Amino acid sequence: MDKVHVFNAGPCLLPQVVYDHAIEAIKDFKGTGVSLLSISHRTKEWEAIMDETRTLWKELLDIPEGYEVVFLGGGASMQFLYVAMNYLERKAAYLETGVWARKALKEAAGLGNAYAIASSADKNYTYIPKGYEIPKDLDYLHITTNNTIYGTEIKHDMDCPVPLIADMSSDILSRRVDVSKYEMIYGGAQKNAGPAGVAFAIIRKDTLGKVSRYLPTMLDYRVHIDKGSMFNTPPVFSIYIMNETLKWVKALGGVDVMHKMDVRKADTLYAEIDRNSLFRGTAVKEDRSIMNVCFVMTEGNEALSEDFLAFSKERGIVGIKGHRSVGGFRASLYNACSQEDVDVLVKAMQDFESSKK
Ligand SMILES: *Cc1c(COP(=O)(O)O)cnc(C)c1O
């Protein structure tokens, strides 16, 4: 198989060393003679992995005292419900920046008073709404920091007068985050932190338990904090791969180093999109995501889309077809995607342009 360049939006490309270690662990977990897929989660070897994974999160994101990290099944989509269950009492607001934000809002609206405080639906979510007033009486404001489908991103930690809750599924570990500005942060691991099958949640402990509704055991964050994410059988394999992915991030120098590499990759690709007469970006420039780069053919050239997909496929480029709601192309430049991968894509865009002259 020739070298492929993977730009999948999720599950994401992971570092080669992570795949290699996974294979070893499936054969023999830590010299126990038992496969990772069959070890008991109640062994000390596994407990050590859980502890290390929590510690890695705390180190990499510089998580302050008073916060806990939990790992849960059900993906980010299940966190939409957890958030509403654990924090919504009187009223919550959601910044509607895309389909994921809308799905998060839907769960909250099903449980109580939740509404969209601002929306960019009028322009198919190609920008981040700004200048909206945040009422002081909200239980929380929910944001989606990176909009995976549309390629927009909130690239700073906003000052918020009410508790701030963020879905960071697709830009976690791509920049330094001031965790103290958030009530909680969550995401599915499969966009930048590991494989599918596990979600992470970073939770400020002292603000839990303020809602009056009955919380089913499995939907109560306090249960998972108390039990160290082992109230029931955790997704052992997914957590192990997440652990390996975090170790890789740490070994390369942490999130600041990731950020530098991610910005360079994104700048390279956006520069080509802006230069190339056949392509244009879909997100407004100031809100462009460094993780998911969305672009389409310029006006009059739309018919070349399929052509370009075939042209790039011949060069081993995989996963750049845009989401059906945006069309065109989307290149996801998560941490394990290399500058070389991006350079190959840029070269394909250049050669494609030349071939049409
Ligand atoms: C992919 C994604 C989700 C959904 O994640 P699942 O783990 O599949 O439920 C939610 N939010 C964002 C921002 C995403 O990119």
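Everything quoted here is computed from the prediction, not taken from an experiment. The figures here come from the full heavy-atom set of this structure, side chains too, leaving out hydrogens, waters and symmetry mates. Order of listing sets the numbers, starting from 1, for every ligand and every atom in it.
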Ligand-residue contact atoms, ligand 1 with F80, heavy atoms, under 4.0 Å: 10 (C)
G75 neighbourhood, listing ligand 1 atoms whose heavy-atom distance to it stays under 4.0 Å: 7 (O), 9 (O)
Any donor-acceptor N/O pair, N335 side chain to S174 backbone, under 3.5 Å: no
Of D262, D157, D62, the residue whose pairing with R175 passes salt bridge (charged side-chain N to carboxylate O under 4.0 Å, His left out): D157
Residues E244 and K247 bridged, charged N to O under 4.0 Å: yes
Protein contact to atom 5 (O) of ligand 1 [nearest heavy atom, distance to 0.1 Å]: A76 CB, 3.4 Å
Contacting atoms of ligand 1, where contact means under 4.0 angstrom from a heavy atom of N146: 13 (C)
Test: K191 cationic atom under 6.0 Å from W100 six-membered ring centre, within 45° of axis: yes
Under 3.5 Å donor-acceptor, E89 side chain and S212 backbone: yes
Q190 heavy atom under 4.0 Å from ligand 1: yes
Distance from atom 9 (O) of ligand 1 to nearest protein heavy atom, with residue and atom: S77 OG, 2.6 Å
Which of the ligand 1 atoms, numbered from 1, are nearer than 4.0 Å to a heavy atom of T144: 13 (C)
Protein heavy atom at shortest distance from atom 14 (C) of ligand 1: K191 NZ, 2.9 Å
Any donor-acceptor N/O pair, K106 side chain to F80 backbone, under 3.5 Å: no
Identity and separation of the nearest protein heavy atom to atom 11 (N) of ligand 1: D167 OD2, 2.6 Å
Check: D171 main-chain N/O paired with N192 side-chain donor or acceptor under 3.5 Å: no
Nearest non-hydrogen protein atom, atom 15 (O) of ligand 1: T148 OG1, 2.4 Å
